Amino acid sequence: MVTLDSILLFVLFFLPYLVTSHNNNFYELCLSNESDNQPHNNIVHAVGSKNYQSILESSIHNARFNNSNVPKPYYIIVPQNKEQVRGAMICCKKIGFESRIRSGGHDYEGLSFISYKPYCLIELSSLRKIDIDVQEKTAWVEAGATIGELYYNIGNKSNTLAFPAGTCPSVGVGGHISGGGQGALMRKHGLAADNVLDATIINVNGTILDRRGMGEDLFWAIRGGGAASFGVVLSWKLQLVEVPPVVTLFTVARTQEEGATKLVQKWQKLVMEFPKELFLRININPKKDSLGRPSILASFNSLYLGRKSHLQRIMRKKFPELKLKSKYCEEMSWINSTIRIDSYRKDSRIEDLLERNKEKRLTFYKTKSDYVTKPLSEKALQGLWDVFKSTGDGLVILTPHGGRMSEILEDAIPFPHRKGVLYNLQYFALWHHPNLTAEKIKFDWVNGVYDYMGKFVSNPRTAYLNTRDLELGRTLIGNEKYSETKSWGEMYFKGNFEKLARVKYSVDPANYFRNEQSIPPLAP
């Protein structure tokens, strides 16, 4: 029996193959006209063309979204400059297609490269120019560059300048900064988005605007509010920060048998006492104990902005229970720490920062997040371990706040998780084979952990935008009212969600820039 749903699915998945060559010609002519007649050979890739599939897959880091059941763009456009980006967006709009904008492809729910309506994918990976001004301590970086490329270029110019962004080098700066951007320098210098001085963006009309042109409201919104709801960010001007010539890394791992539960419990109470220069996060992984029973391993992973002798004095005074020894500490430059803190391999090289597709293993994952404002008791932590141990491959990351993060006001930018937050929690369910049964087991596991933690985290419950989670809620047809999105919108943005929606209405009232969790327009 043919149903309306089956017809819609047919149109959704097969429309790209049914569009005529006339539309191909129209799109290319439009792109040429809207890009000031610049050459556009080899930047437009239609479904079925030679390089289409390889380009599409090049930046898909979550294998959940790399299969035949996921919608595909009719066109992939790979612009080489800002005028071609502008032309690509305008022409997608003219033919009635949505635009998806991808810089690094780490979007946890695939929103930067998937749409359930006919769409174009504008792939920004060729826009990766980076200009460092050492004297002014600033950098202009194009949205298609990765965090690793930014770090590499800073390190090439100075051994005492840095930028406070994430610990995964292959993440694109376009989305990372627009969602907040937490990392190892956040307790000293705040988020990546807290250190943006200017930006260039293409608005819904195709106009390229800088900070002065876009106005302070839109500039506020794209720094932590998810820029994809407002336009196409082309580049960021960043405030670089000073770091000492020598920093110290360490990782100390403890099992439950070795007292991990008491150590995690004590760490929670120290987060607000540690100096800003100390970033000490915890990674929780499953591990068998000495009798082969399911257990956990807590890895205390730290970056300290200073010498190891100073670090050891702090740890002896504040956290002697960890028993940090000199042999665990390694001094190095900040640029070396950026590659080592992510993987902690002693054979890592600075050039590894330039690898855009570092992950070689096929990995499927689902993530969720929380914020904790009161320390969990040992009993509560033990309950978390018990739920956690039911899977053989998962990860929980505890990222400390405090320091500079507690000093910035909740409405300074859209990212609101500031004073009173002890740490951010990220839950990762991981699997390595395309198996629906395995996927269900993993989803059930991560949701079980999330459900268990409900009574221990912030109330109302909150979430980190860069850990996208469509299970919190989504828009389905693109014209949902503000009131229908408020429940999940306020989890990401708290009281800033309403202002974001009003800014959205002022710059994109027809809601062209949208996805399944975009900011809805709210009229005055």
Side-chain angles (χ1 to χ4, degrees), residues 59-66 70-71 98 100-116 119 121 143 147 165-168 170-183 191-193 221-230 233 359 363-371 394-397 399 413-417 424-430 439 442-443 446-447 449-450 453 457 461-476 478 480 485-494 496-497 500 504 513-520:
S59 295
I60 299 178
H61 297 274
N62 188 347
R64 268 206 301 140
F65 304 114
N66 193 5
V70 174
E98 293 190 350
R100 288 291 182 270
I101 316 300
R102 183 169 73 177
S103 59
H106 278 79
D107 188 328
Y108 287 167
E109 294 284 15
L111 300 184
S112 64
F113 55 90
I114 295 171
S115 174
Y116 290 87
Y119 71 109
L121 171 60
I147 293 171
T167 61
C168 179
S170 57
V171 170
V173 300
H176 179 70
I177 294 173
S178 81
Q182 63 183 27
L191 304 172
I222 63 176
R223 292 174 295 146
S229 292
F230 302 96
V233 168
E359 299 86 352
T363 302
F364 302 75
Y365 54 87
K366 169 63 185 174
T367 62
K368 302 181 84 69
S369 66
D370 268 315
Y371 284 91
L395 171 67
V396 177
I397 302 175
T399 300
I413 63 172
F415 179 97
H417 314 292
N424 168 242
L425 276 168
Q426 294 182 76
Y427 317 101
F428 290 79
L430 308 166
E439 180 170 319
K442 294 296 183 176
F443 266 69
V446 76
N447 281 302
V449 173
Y450 187 74
M453 288 299 295
V457 297
R461 204 163 193 178
T462 52
Y464 176 35
L465 183 65
N466 277 352
T467 310
R468 285 280 190 183
D469 181 7
L470 288 180
E471 291 183 316
L472 301 181
R474 68 179 77 194
T475 60
L476 298 176
E480 281 78 6
T485 61
K486 191 175 178 181
S487 61
W488 55 261
E490 291 188 345
M491 293 185 74
Y492 291 128
F493 304 113
K494 299 173 71 171
N496 295 330
F497 185 56
L500 284 168
K504 169 71 171 181
F513 292 113
R514 62 178 181 256
N515 57 50
E516 285 67 47
Q517 262 190 5
S518 57
I519 305 296

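Bear in mind the structure is a predicted one, so any value in this text is a computation, not a measurement.
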*For Thr485, which residues count as a side chain to side chain donor-acceptor pair (under 3.5 Å) partner, sequence neighbours excluded?*
none
_Taking Gly104's backbone N and O only, do any of them form a donor-acceptor pair with His61's side chain (distance below 3.5 Å, no angle check)?_
yes
*asked:* Please find the pair of heavy atoms, one from Ile413 and one from Ala193, that lie closest to each other, and give the distance.
replied: CD1-CB, 3.7 Å
*Main-chain N/O of Pro414 paired to Arg223 side chain as donor or acceptor, under 3.5 Å*: no
*Is there a donor-acceptor pair closer than 3.5 Å between any side-chain N or O of Asn424 and the backbone N or O of Asp370?*
yes
*side chain to side chain donor-acceptor pair (under 3.5 Å) with Glu98: which residues, sequence neighbours excluded?*
Arg100, Ser115, Arg514
_If we check side chain to side chain contact (heavy atoms under 4.5 Å, CB included) with Lys366, which of these qualifies: Leu430, Asn62, Val446?_
Val446
*Nearest heavy-atom neighbours spanning Thr467 and Tyr108*: CA-CD1, 3.6 Å
*Do the side chain of His176 and the main chain of Ala165 share a donor and acceptor less than 3.5 angstrom apart?*
no
*Validation row: Tyr365, Leu395 side chains within 4.5 angstrom (heavy atoms)*: no
*Spell out, as yes or no, whether a donor-acceptor pair under 3.5 Å connects the side chain of Tyr450 to the backbone of Thr367.*
no
_Close side-chain approach of Glu471 to Phe443, heavy-atom, < 4.5 Å_ = yes
*Short side-chain to backbone donor-acceptor contact, His417 and Ala463, under 3.5 Å*: yes
*Give a yes or no on whether the backbone of Ala429 and the side-chain of Lys368 come within a donor-acceptor separation of less than 3.5 Å.*
no
*Search all heavy atoms of Leu465 against all heavy atoms of Gly224 and return the closest pair with its distance.*
CD2-O, 3.7 Å
*asked:* I'd like to check the side chain to side chain donor-acceptor pair (under 3.5 Å) partners of Ser518; sequence neighbours left out, ordered by chain and number.
replied: none
*Checking Glu516 side chain against Leu111 main chain: does a donor-acceptor pair fall under 3.5 Å?*
no
_Taking every non-hydrogen atom, the tightest pair across Gly225 and Leu500_ = CA-CD2, 4.1 Å
*Describe, in one word, how the ring planes of Phe415 and Tyr371 are oriented to each other, choosing from parallel (under 30°), tilted (30 to 60°) and perpendicular (over 60°).*
perpendicular
*With Glu109 as reference, evaluate Arg64, Gln517, Arg474 under the side chain to side chain donor-acceptor pair (under 3.5 Å) test and give the passing residue.*
Arg64
*Counting N and O atoms only, with roles assigned by atom type, does the side chain of Ser369 sit under 3.5 Å from a partner on the main chain of Tyr464, one being a donor and the other an acceptor?*
yes
